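In what follows, a single structure is set out as structure tokens and then discussed.
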Amino acid sequence: MSLFKVKNSWSGQKFPHPPGRRPVAYDAFNLRTGTPLANIMRLGAGLGPLFEVRVFQQKFVFVADAALAAELCDESRFHKNLPPAVAALREFVGDGLFTAYDHEPNWHTAHGILMPAFTKSAMRGYHETMVETVDEMFAMWGDRTGPIDVTADMTRLTLETISRCAFSRDFGSFTSPERHPFVDAMIAALMTGMQKSAVEPIPGGKRIARRIDEANAAHLAYVDELDDDLSRERRASGARPGDLLDRLLDESHPQTGRRLDDTNIRQQILTFLVAGHETTSGALSFTLYYLSRHPDVLARAQEETDALLGPDPDAVPTFEQVPRFRHLRRCLDEALRLWPTAPAFARSPRETTRIAVGTDREAVMTPDDWAIIVLPMVHRDRRAWGPTADEFDPDRFLPENSRGRMKNVYKPFGTGERSCIGRQFALHEAILVLARLLHRYDIAGDPDYELQIDERLTIVPKGFRLTLTPRTPNSRPAGAPASDEGPADRPAGTCPVAH
Ligand code: MNH
């Protein structure tokens, strides 16, 4: 490749870019390390629906606009592509489900093998394990009311949930004061991809990238070993719990009969351990953050848990009850609107096409070009969400308030056939956890805390703490219904059933 060839060139078309461009390095000096999303949101503000950022010979094109994002989500014209930060992960997770290109046979094979594990009804099989995992987190918290590190504990919980549900493996996250070494190794791997893709366009970047690799070699070896151990132990034990690992090892694609090889199985294990917990942990943490900042919304969430679960703070929702926490679901949806924890994905056209036709950003896009949809910007586009787009207001997702909203402008789980396979899993887990947590504890955040974001491809709140106080039936506001079965303050001894 020529030294001067621009990567992702868009046939030489130019789009608005941040001020302060320089020769050779272009926008590189405008970027702060370690915070790609914050960079884009800061630099892209005011640049309109489609803008570019160029780092030496690498051009990035970003979509901030709801209408254009909706256009690129049209599956008949566009499909998933991998931006450099995701492509860099292929070194560890290869053509695993998340990082495969559409046309790679292993995507099709793994998708067919794994889909049955992620249907709505498959969630029934995970419910009990999810309940037990929350029990263990509560046991760890006990009656301690000292502040908890929300993101750290939600990460313990979601990692433990996915490893138990998918791999029948207990990571011991609640009994160890340290986080599991897998979490450190995984963060290191994600950061490696992010850092390497950031330095690679820079002259001499290849050498820096090699040094990043060397610094992380031990972490990566550890992860590979852990993955191989999981398969080896399972094969040796003869046990077949019927979990996701069993499917990876034993199943073949229902139509093609193809199976996954050992390398790909290892890559899928790592894919699911990572994709199956980071984003859900962030979603829970952001939701708890916003609830702690909106006492009225929080009060309604607790009214809802009281109505559905009754006065016992330890009451556990049944599988069927989980989807009935409608207000809580809207709180989660709204947190994922403002801070979608997988904050971006990339799209390319199937054939050369014109986009944004009739607007001042009309452009030609070839199958070699890709654009990154920046979800937090799309999710705050006033044309789609109105003047209160920046505010936390779960009621915007009430059916009567959603009617008439533009289509395809809310995409926290991606789009089309490459959208999130774990969506039902994440939703079931998150609602269950939120319902139980808010039913059992009153929560209070530090009023001086200012939301900060930790970026590692996914995003999570940084340094956010909550003080938990166990609720008792008496700590409910007077007159609040304790269950949907009848009045709470029925005098003791009077049976509601006539006999
Ligand atoms: Mn998930 C794909 C967001 C939870 C496993 N996930 C995606 C995509 C988004 C996403 C966005 C599409 C990315 C792209 O187009 O490049 N995922 C989330 C969010 C949550 C989440 C916001 C939680 C909240 N994801 C989960 C869970 C699992 C999971 C839980 C596993 C149990 N996700 C995946 C996998 C893919 C994916 C696997 C890739 C699917 C495919 O390409 O076929």
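Side chains are part of it too, since the values below use all heavy atoms of this structure and drop only hydrogens, waters and symmetry mates. Keep in mind that this is a model prediction, so the values were computed, not measured. One-based numbering, in listed order, for ligands and for the atoms of each.
- For ligand 1, the polar-atom distance check finds an N/O of Trp107 within less than 3.5 Å of one of the ligand's N/O atoms.
- With no hydrogens or angles considered, no side-chain donor-acceptor pair links Tyr289 and Trp339 at under 3.5 Å.
- By the 3.5 Å distance cut-off applied to N or O atoms, Leu97 is counted among the residues near ligand 1.
- Of all the heavy atoms of Ala100, none lies under 4.0 Å from any atom of ligand 1, so neither backbone nor side chain is involved.
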Practice task
Begin with the C-alpha distance, continue with both residues' side-chain angles, and end with the deciding distance and a verdict on salt bridge (charged side-chain N to carboxylate O under 4.0 Å, His left out) for Asp135 and Arg436.
Solution key: CA-CA 9 Å; Asp135 284 337; Arg436 292 197 66 192; 2.6 Å; yes
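- The aromatic rings of Tyr126 and Phe118 lie tilted to each other, with the angle between the two planes from 30° to 60°.
- For atom 14 (C) of ligand 1, the nearest non-hydrogen atom from the set His428, His79, Lys80, Glu417 comes from Lys80.
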Practice task
Would you check, one step at a time, whether the test salt bridge (charged side-chain N to carboxylate O under 4.0 Å, His left out) holds for Asp390 with Arg382?
Solution key: CA-CA 9 Å; Asp390 289 331; Arg382 289 184 153 59; 3.4 Å; yes
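- In summary, the side chains of Thr133 and Glu160 do not present any donor paired with an acceptor at a separation below 3.5 Å, with no hydrogens or angles considered.
- Considering only non-hydrogen protein atoms, atom 3 (C) of ligand 1 sits nearest to Pro412 O, 3.4 Å.
- Between Arg77 and Thr353, the side chains place a donor N or O and an acceptor N or O closer than 3.5 Å (distance only, hydrogens not considered).
- Checked by atom type, the side-chain pair Asn401/Asp395 shows no donor-acceptor distance below 3.5 Å.
- Under 3.5 Å, the side chains of Thr161 and Glu429 contain a donor-acceptor pair of N or O atoms.
- Around atom 1 (Mn) of ligand 1, protein N, O or S atoms at less than 2.8 Å number 1.
- Residue His111 has no N or O atom closer than 3.5 Å to an N or O atom of ligand 1.
- Using a cut-off of 4.0 Å between Lys/Arg side-chain N and Asp/Glu carboxylate O, Lys7 and Glu200 are scored as not salt-bridged.
- For ligand 1, the polar-atom distance check against Arg418 finds a nitrogen or oxygen pair separated by under 3.5 Å.
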